[in-house]
Amino acid sequence: MLTTNPFDDDKLREECGVFGILGATDAAALVALGLHALQHRGQESAGIVAFDGEHFAVHRALGQVGDNFSSEAVMRPLKGNAAIGHVRYATTGDTALRNVQPLFADFEFGGFGLAHNGNLTNAMTLRRQLVRRGCLFQSTTDTEVIVHLMATARGGSVIDRMVEALRQVEGAYSLVAMAKDQIIGVRDPRGVRPLVLGMLGDAPVLASETCALDIIGADFVRDIEPGEMVVLTAAGVQSLRPFQPEKSRFCIFEYIYFARPDSLVEGSSVYKVRKAIGAHLAQESHVDADVIIPVPDSGVPAAIGYAEESGIPFELGIIRNHYVGRTFIQPTDKIRHLGVKLKHNANRHYIQGKRVILVDDSIVRGTTSVKIVEMMRAAGAKEVHMRISSPPTRHSCFYGIDTPEKEKLLAHKLSVEEMNRYIGSDSLAFISNDGLYKALGHAGRDASGPQYCDACFTGDYPIPLTDYEGTPGGEVAFLAERRA
Ligand code: AMP
């Protein structure tokens with residue numbers, strides 16, 4: 001559906017993955033593989049921009065990478081040794097082709113492709129100003145603001161224009177951009193979203209996560225640092241520091257849920273961190289039980305950690321049907337309920353007559369927990385204890401993880417004890433904020449120590465939320481506008 005009002009859309013609802021490679025034969029095919037490994041970061045659309053030394057070619061499609069980038073007809077025109085790509089995860093509303101990234105524009109300096117993971121928090125404010133100045137927007141994504149800021153910038157070169165544009169935006173961004181003969185990677189000064197550098201032989205690679213390097217056999221080199229811009233050319237990789245340094249605030253939810261467990265982010269194995277969270281959770285909220293059961297798949301590593309720490313046996317007491325999309329992306333409550341039933345089934349033999357500890361990574365609306373607890377009881381569980389490997393999700397994310405508005409978050413509405421009654425468990429416990437930081441190897445959550453963006457748990461938003469500040473109803477008005 002195309003909207004007629006550029007401000008009346010769900011443009012900020014994205015979770016995304018980005019990838020780019022320069023100096024490799026069949027770059028677009030490598031990008032398609034990289035995007036396939038990043039599919040968990042965005043399942044609704046995918047796009048690739050390739051450059052063959054003379055021409056740019058662009059293909060964007062709704063749907064998954066494998067369904068859209070496997071045919072000869074699509075891949076043949078995506079020629080050349082340089083390419084970038086993007087996967088996007090929009091939950092409801094506008095999935096129109098015009099919003100599929102990478103965005104592409106023709107500048108004085110030539111073609112320019114842009115892929116963005118994150119969320120700008122002053123995009124609407126900037127967009128209003130740009131529209132007043134005569135800019136004609138082609139999409140309803142926040143990312144397009146960067147393209148127009150570059151077009152109206154004073155500087156001449158791609159880098160100058162990009163820096164000038166990015167100095168005006170607020171929010172979270174890990175970008176992979178491509179102009180003639182160069183690929184540019186940037187992370188916002190807080191480094192909220194991940195971005196890594198790898199090498200495939202002599203060809204530098206940029207990717208949201210290391211699992212996308214693994215799939216093409218590239219070596220992991222390092223994380224792009226918060227506030228760093230890297231320029232990949234035939235001459236090598238150049239590192240620039242165009243922004244004021246800020247304290248790093250990497251998204252803690254990447255560790256809890258979003259990143260793939262086989263990825264290494266910010267120097268730590270996601271799998272190892274999830275297990276450590278499970279172990280701390282076991283220490284904080286012990287309960288006597290016969291079996292630990294993960295809610296698959298995201299609860300599995302934390303449940304293993306919980307089982308190792310507590311000595312209680314681990315069993316796959318719930319089997320997941322992998323041919324159903326994540327319940328979260330179903331658009332209506334009715335379908336979401338149906339989705340949960342389609343997705344999970346009890347492995348009865350391991351549940352009947354047992355005191356069960358269920359481990360999941362988060363409770364958002366509570367839909368999954370209600371269904372799973374009910375399923376355990378129906379399968380004959382004697383007791384059902386729910387353990388969650390994140391603190392209660394009480395606040396919305398504005399930096400690129402899709403969470404519903406605050407009013408729909410169960411933990412915003414109810415206390416932990418009320419949530420326990422609502423989901424029907426015998427007991428419910430969440431990891432504490434300190435426990436989470438300890439699992440990440442720190443002393444606790446302390447403003448003087450290393451910090452993450454944990455706004456979804458604490459309400460401590462490290463980057464201004466300019467688009468909604470000062471408006472009546474604040475956050476709610478902002479989200480309503482963003483999602484109308
Ligand atoms: P809910 O049923 O609304 O409480 O959602 C909780 C379930 O959704 C958990 O099992 C999580 O693994 C999963 N989940 C949490 N956050 C997200 C997200 N941002 N996108 C997709 N799924 C999520």
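Numbering of ligands and ligand atoms starts at 1, following listing order. Side-chain atoms are counted along with the backbone in the values below, which use heavy atoms only and exclude waters and symmetry mates.
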Side chain or backbone of [X] under 4.0 Å from ligand 1, or both, or neither, by non-hydrogen atoms?
| X | answer |
| --- | --- |
| D361 | side chain |
| F253 | side chain |
| S362 | both |
| D360 | side chain |
| T368 | both |

* **Option passing side chain to side chain contact (heavy atoms under 4.5 Å, CB included) with V65 (candidates V31, L35, I48)** =>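 Filter result, single survivor: L35.
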* Residue of the set L114, L103, N99 for which side chain to side chain contact (heavy atoms under 4.5 Å, CB included) holds with E144 ->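 Output: one option passes, namely L103.
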Are [X] and [Y] ion-paired here, with the side-chain N under 4.0 Å from a carboxylate O?
| X | Y | result |
| --- | --- | --- |
| R445 | D434 | no |
| K354 | E383 | no |
| R187 | E266 | yes |

* Asked: Any chance CZ of F104 has more than 12 other-residue heavy atoms, nucleotides or ligands included, within less than 6.0 Å?
  ->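 Yes, because the 6.0 Å sphere around CZ of F104 holds more than 12 heavy atoms from other groups.
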Ligand 1 and [X], any nitrogen or oxygen pair closer than 3.5 angstrom?
| X | result |
| --- | --- |
| S369 | no |
| G366 | yes |
| I401 | no |

* Where is the tightest heavy-atom contact between Y437 and I252, given as atom of each residue plus distance? ->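 Residues Y437 and I252, closest heavy atoms: CE1-CD1, 3.9 Å.
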Which ligand 1 atoms does [X] reach within 4.0 Å, using its non-hydrogen atoms?
| X | answer |
| --- | --- |
| Y89 | 20 (N), 21 (C) |
| I363 | 4 (O) |
| S298 | 12 (O) |
| D402 | 18 (C), 19 (N) |

* Aromatic ring pairing F69/H59, orientation class (parallel under 30°, perpendicular over 60°, tilted between) ->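 Perpendicular, since the angle between the ring planes exceeds 60°.
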* Asked: Y452 vs H442 aromatic rings, parallel, tilted or perpendicular, using cut-offs 30° and 60°?
  ->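 Rings of Y452 and H442: tilted, 30 to 60°.
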* Report yes or no: does V295 have a heavy atom closer than 4.0 Å to ligand 1? =>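 Outside the 4.0 Å threshold, so no.
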* Asked: What do you reckon, does E15 put a non-hydrogen atom under 4.0 Å from ligand 1?
  ->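 E15: in contact with ligand 1 (<4.0 Å).
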